[in-house]
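Hydrogens, waters and symmetry mates are skipped; everything else that's a heavy atom, side chains included, is used. Not measured: the values here are computed from a predicted model.
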Amino acid sequence: MTRHEDNSQGEVSTMGMKFAALALVAARLPLVHLTAAETPEAEVKRAYKNLIDAEDKHDLPAVRGMVWNSAATLFVAKAPVGWRGYWGIDDVIEHLHDMYQGTFRIDPIYEEEKVVFLTPELAETYAPVKITVAYGGQNPAPRPFIMVLVWIKTTRGWKMATDIPIPVPPDPAKK
């Protein structure tokens, strides 16, 4: 029998076993290191960035996976007339679908993002952003907002439970 033929006796070389064990350990080390090094604040910041990236791509399935699956989920946004709250994941996703039919983009100032933990399982994100949207007759020009999001930690990670964009009015003209 040559070295490359199947060993019908089921024997495995000692060197092969050592290599397989080493490869298994090496493959797991980076994941353990990255997971152990990520703080709860970093987890929420990563969830926020992932949500913004998915929204900017108009990727509804990805966004839906990052939103808390609850009737209590709230998204405050421009409506066809005025502003209103969209309640529950289905209402939120339906409204995002409508907004994604035109220009829609969020550009956060990540350096100014703040995360505050209300409890270990509940966090709030504050971030100044520029939102460009053409929904509801708006001129699609970047406008300043403060985004306030509430996150809930689930068994599947941090999920956005509330999203309230607050329009920032222009500074009054100096006299």
Side-chain angles (χ1 to χ4, degrees), residues 27-79 83-136 138-170:
R28 291 180 180 253
L29 281 178
L31 293 176
V32 170
H33 175 72
L34 289 176
T35 303
E38 192 166 52
T39 65
E41 180 178 354
E43 290 175 3
V44 172
K45 285 186 172 189
R46 181 174 37 83
Y48 176 67
K49 182 169 185 339
N50 290 344
L51 177 65
I52 296 301
D53 290 348
E55 286 196 57
D56 284 347
K57 293 175 186 170
H58 301 190
D59 185 346
L60 276 175
V63 171
R64 185 180 192 93
M66 294 178 227
V67 174
W68 186 36
N69 189 3
S70 169
T73 297
L74 171 63
F75 176 50
V76 176
K78 177 87 170 94
W83 287 69
R84 68 171 272 239
Y86 294 87
W87 289 93
I89 190 168
D90 292 331
D91 199 23
V92 168
I93 296 301
E94 181 179 330
H95 183 67
L96 288 172
H97 170 271
D98 294 347
M99 286 177 39
Y100 293 169
Q101 300 313 299
T103 302
F104 181 83
R105 179 166 179 82
I106 302 172
D107 293 298
I109 303 171
Y110 288 110
E111 300 78 30
E112 296 181 29
E113 177 187 1
K114 304 284 185 217
V115 176
V116 175
F117 286 87
L118 307 172
T119 72
E121 293 81 28
L122 202 60
E124 183 178 73
T125 300
Y126 163 98
V129 301
K130 297 268 184 174
I131 299 178
T132 305
V133 62
Y135 180 78
Q138 297 178 82
N139 176 17
R143 289 188 171 70
F145 285 80
I146 301 298
M147 281 186 79
V148 178
L149 286 85
V150 175
W151 299 89
I152 187 163
K153 189 170 189 175
T154 71
T155 56
R156 295 184 176 184
W158 289 96
K159 303 294 180 182
M160 188 275 296
T162 301
D163 181 343
I164 303 175
I166 303 166
V168 176

Who pairs with D91 by salt bridge (Lys or Arg N to Asp or Glu O under 4.0 Å), at least two apart in sequence or on another chain? R84
My understanding is that only residues two or more places apart in sequence, or in another chain, count here; which of them pass side chain to side chain donor-acceptor pair (under 3.5 Å) with Q101? H97
Answer yes when K57 and D53 have at least one side-chain N-carboxylate O distance shorter than 4.0 Å, and no when they do not. no
I'd like to know whether T103 forms a side chain to side chain contact (heavy atoms under 4.5 Å, CB included) with V133, so could you lay out the CA-CA distance, the side-chain angles of the two residues, the decisive distance to 0.1 Å, and finally the verdict. CA-CA 5 Å; T103 302; V133 62; over 6 Å; no
Taking only residues two or more places apart in sequence or in another chain, which ones pass side chain to side chain donor-acceptor pair (under 3.5 Å) with R105? D56, D107
I146: side-chain contact (heavy atoms from CB on, under 4.5 Å) partners, not counting sequence neighbours: Y126, P128, V148, I166, V168
Sorted by first residue and then second, give each salt bridge (Lys or Arg N to Asp or Glu O under 4.0 Å) pair with at least one member in residues 111-132; sequence neighbours left out. none
Minimal non-hydrogen separation, W158 against P40, with atom names: NE1-O, 4.4 Å
pair W68-T154: side-chain heavy atoms closer than 4.5 Å: yes
Identify, with sequence neighbours excluded, every residue that meets side chain to side chain donor-acceptor pair (under 3.5 Å) alongside D59. none
Applying ring pair (Phe, Tyr, Trp, His ring centres under 6.0 Å), can you list everything that pairs with Y100, at least two apart in sequence or on another chain? H58, F104
By side chain to side chain donor-acceptor pair (under 3.5 Å) - contacts of T125 (at least two apart): W151
Angle class for the H95/F75 ring planes (parallel below 30°, perpendicular above 60°, tilted otherwise)? tilted
Which residues pass the side-chain contact (heavy atoms from CB on, under 4.5 Å) test with D90, not counting sequence neighbours? R64
What residue pairs, at least two apart or across chains, pass salt bridge (Lys or Arg N to Asp or Glu O under 4.0 Å) with a residue in residues 145-157? E43-K153
Checking V67 now: which residues fulfil side-chain contact (heavy atoms from CB on, under 4.5 Å) with it, not counting sequence neighbours? V63, T73, I89, M160
